[in-house]
Engineer: 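This is the structure, below, for whatever I ask next.
All values below come from the heavy atoms of this structure, side chains included, with hydrogens, waters and symmetry mates left out. Lettering of chains follows the sequences in order, A, B, ..., and the numbering in each one begins at 1.
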Amino acid sequence: MRRTISVLVENEAGVLSRIANLFSARGYNIDSLSVAETLDASVSCMTIVTHGNDQIIEQITKQLHKLINVIKVTDLTEGDHIEREMVLIKVTTEPATRAEALRVADIFRAKVVDVTPKSFTVEVTGGDKKIDGIIALLRPLGIKEIVRTGRIAIGRGN
Amino acid sequence: MKLTGSKIFVESLRAEGVEVVFGYPGGAVLHLYDEIYRSKSPRHILCRHEQGGVHMADGYAKATGKPGVALVTSGPALTNAITGLATAYMDSIPLVVFSGQVPTHLIGNDAFQEADNLGLTRSCTKHNFLVRDVKDLAYTIKQAFHIATTGRPGPVLVDLPKDVTAATCEFTYPQSIKMKYYNPTMQGHPGQIKKAVAALLEARKPVLYIGGGVINANAAPEMTELAELMGAPVTPTLMGLGGFPGDHPLSLGMLGMHGRYATNMAVNSCDLLVAIGARFDDRVTGKLDEFSMNSKKIHIDIDPTSIRKNVHVEIPIVGDSKVVIQQMLDAMKSGGKFKGHPSKLKPWWNQIREWQDQHPLTYEQGPGDLSAMYVIDKIYEMTRGEAIVATDVGQHQMWTAQMYHFKNPRCNLTSGGLGTMGYGYPAAVGAQTAYPDKLVLAVVGDGGFVMTMQEVITAVENNLNVKACIINNRNLGMVRQWQQYFYDRRYSFIDLSVAPDFVKLAEAFGCVGLRASKAEEVVPVLEKAFSTPRPVIMDFQVAYEENVMPMVPSGAPLSKMLLV
Ligand SMILES: Cc1ncc(C[n+]2csc(CCOP(=O)(O)OP(=O)(O)O)c2C)c(N)n1
Ligand SMILES: [Mg+2]
């Protein structure tokens, strides 16, 4: 099962590689990973999307917790939380499909951020379903390149 | 007053109470060695290879319970040290290893003797540090010792760029340390303790299965009290030997791949398995799905990741073995619930004794070739299980585990997790450094001894009177055994018939060489060695094809043990 784990770490050189190393050494999967500073510049937040059975997930959270630079590990999957990802999609268009592509972008509330005569790039933010949806609809119209941030997530309420 | 990084290094080690550093100099650590030259303490022992140096620190740590300290230079020295770090990491041994590094402004430039020390050691240390500023040095050293020795112990590497060891700053050594995000759990959860005690009371066929965690936590006295209060059988893992007296009537000896028949049967048939400071290693469990299927399991471990890693456990308890056993003892003794409990386990013991009688651990010393087991049995008899015994890896290691009934903790020095050939001799040297007057043996194979035998020079130089017993079967015995059983005796590159004359080699090294090739020579050789106040190397020329039995083939369940 897919899990979204939020990890607060000390913002030090080498921490990212400790985490990456843990996953590769023990054969765990990373589906996506995103990292950036928090309000406190000495602390970074990583959102890791991974999958595995319950026992593996239990090990992953415990192993993460065991790293000296890790401050807090939260498996957000269980509780109520919000997940977002941003994607930049470059679409190459024939004159015949251009309008259709733009309409799709509009439906998904994607923002056009770059336009040329033969292509345009949209920025779209959302959860899994929305991102998968827009990609599925744009693909037949000609996606040239796609760049994703990886998921970030936050718990709801306090 | 401002001190140089090198002086801060020495002063910090003193403040930590470090008595001895095992090391080897080089360009990146020249400033440090200059300071060591000028200081009287800590003592420095020059190993002859950095792997040996780290194994020495490991043997020292295991024997004393104090952290072992090693110092190596950059690049090739650090890569040499890695086997030692990985060995200590797998066995949870507290070490602080200092490595030299190129000056900070050259890091990342492929400078001479530069290696990515942090990257290289990330997966074989509990934690590692690069000190970029001399102002951080003292605090980093404090942290390194703290991390190495608390929680589940392990090796910590501190990488010291050359310019940092020359730079100066004010020095004060932190008295105490509080790491906000690193707080190992010591006390067991009271609710879990309650559940555990109820399970102990209910069980009629319990087994206490103890590992290296009991020794690391200095929990041997509590362990004995627990076993005696219950009247329950105890089986140690390879790393747990000595955590409970090997000659105690409640001891079943080692379990697992080369465990005894009765012991493995007991583990497989028990109704309650209490794992203490042990981690259900594959060498212990055999095939996992058929391991002790009908038992309820209690697992006490300081490392939460050890719990439910590979075996489902009904009652997990995170905490320090010593503290948790004491908590259980307190609960068990209140109300006298366990008075007369041992008599309730009578039928269980009858069953165990029956298994023991069916297949006892035996060997035969006939008129022919010398039996390795006979040699180890004599070593045991003559030292009454009280010597410090380091072993290498292979058949001799398993025979020692089976036949040497360690009475006390911190006497069994062996590489259990990584199975590092070459560990034994240097580990013995490290232990002898801590206890110059104790009898310290290195029981080694003719293969493994050769991997680190340069450390004999270290022993000779420092009058460390290690008694090495080479169990010389002229082959890589453990590999040969597998080839015999599972590859139809196609002996592929296990023959070591071409070898130096170990007696002459001993003499060339400047120590005493002795040889026994017949049974009647064994005791006189040992007597001579034990009464010689110098390092001794004994060459026991034993049978070529003796096997370690019983044996659970890898991947098979414990119940499918081969007996002959
Ligand atoms: C560094 C290293 N290389 C290879 C092995 C694989 N190995 C395990 S036991 C063994 C044989 C050891 O032979 P020896 O030292 O003569 O001991 P014996 O088994 O004969 O008692 C080997 C090669 C190992 N454990 N460590
Ligand atoms: Mg051999």
Engineer: Which answer fits A:E58, side chain, backbone, both or neither, if we ask what part of it has an atom under 4.5 Å from a heavy atom of chain B?
Structural biologist: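 The side chain, not the backbone.
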Engineer: Taking atom CG as the centre, does A:D40 end up with more than 12 heavy-atom neighbours from other residues, nucleotides or ligands that are less than 6.0 angstrom away?
Structural biologist: yes
Engineer: Could you check if a side-chain atom of B:R122 sits within less than 4.5 angstrom of a side-chain atom of A:S17, using non-hydrogen atoms only?
Structural biologist: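 B:R122 vs A:S17: side chains touch.
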Engineer: Of the backbone (N, CA, C, O) and the side chain (C-beta and beyond), which part of B:R132 lies under 4.5 Å from a heavy atom of chain A, both, or neither?
Structural biologist: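 For B:R132, there is no contact with chain A at all, as no heavy atom is under 4.5 Å.
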Engineer: Let's go through B:N310 and A:Q59 carefully: what are the C-alpha distance in whole Å and the side-chain angles of both, what is the deciding distance for side chain to side chain contact (heavy atoms under 4.5 Å, CB included) to 0.1 Å, and is it a yes or a no?
Structural biologist: CA-CA 10 Å; B:N310 37 21; A:Q59 271 298 311; over 6 Å; no
Engineer: State, to 0.1 Å, how close A:V70 and B:Y181 come at their nearest heavy-atom pair, and which atoms those are.
Structural biologist: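 Here A:V70 and B:Y181 meet closest at O-CB, 3.8 Å.
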Engineer: For B:K126 and A:I68, which heavy atoms make the closest approach, and how far apart are they?
Structural biologist: O-CG1, 4.1 Å
Engineer: Which heavy-atom pair separates B:R308 from A:Q55 by the least distance, and what is that distance?
Structural biologist: O-NE2, 3.3 Å
Engineer: For A:K66 and B:T305, work out which heavy atoms get closest and say how close.
Structural biologist: NZ-OG1, 3.4 Å
Engineer: Between A:E10 and chain B, which part of the residue has a heavy atom less than 4.5 Å away: side chain, backbone, both or neither?
Structural biologist: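 For A:E10, the side chain is the part near chain B, not the backbone.
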Engineer: Which heavy atom of B:I307 sits nearest to which heavy atom of A:K62, and what is that distance?
Structural biologist: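 Nearest pair, atom of B:I307 first, then A:K62: O-NZ, 2.7 Å.
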Engineer: Step through the shown structure and confirm whether more than 12 heavy atoms of other residues, nucleotides or ligands are within 6.0 Å of CD1 on A:I82.
Structural biologist: yes
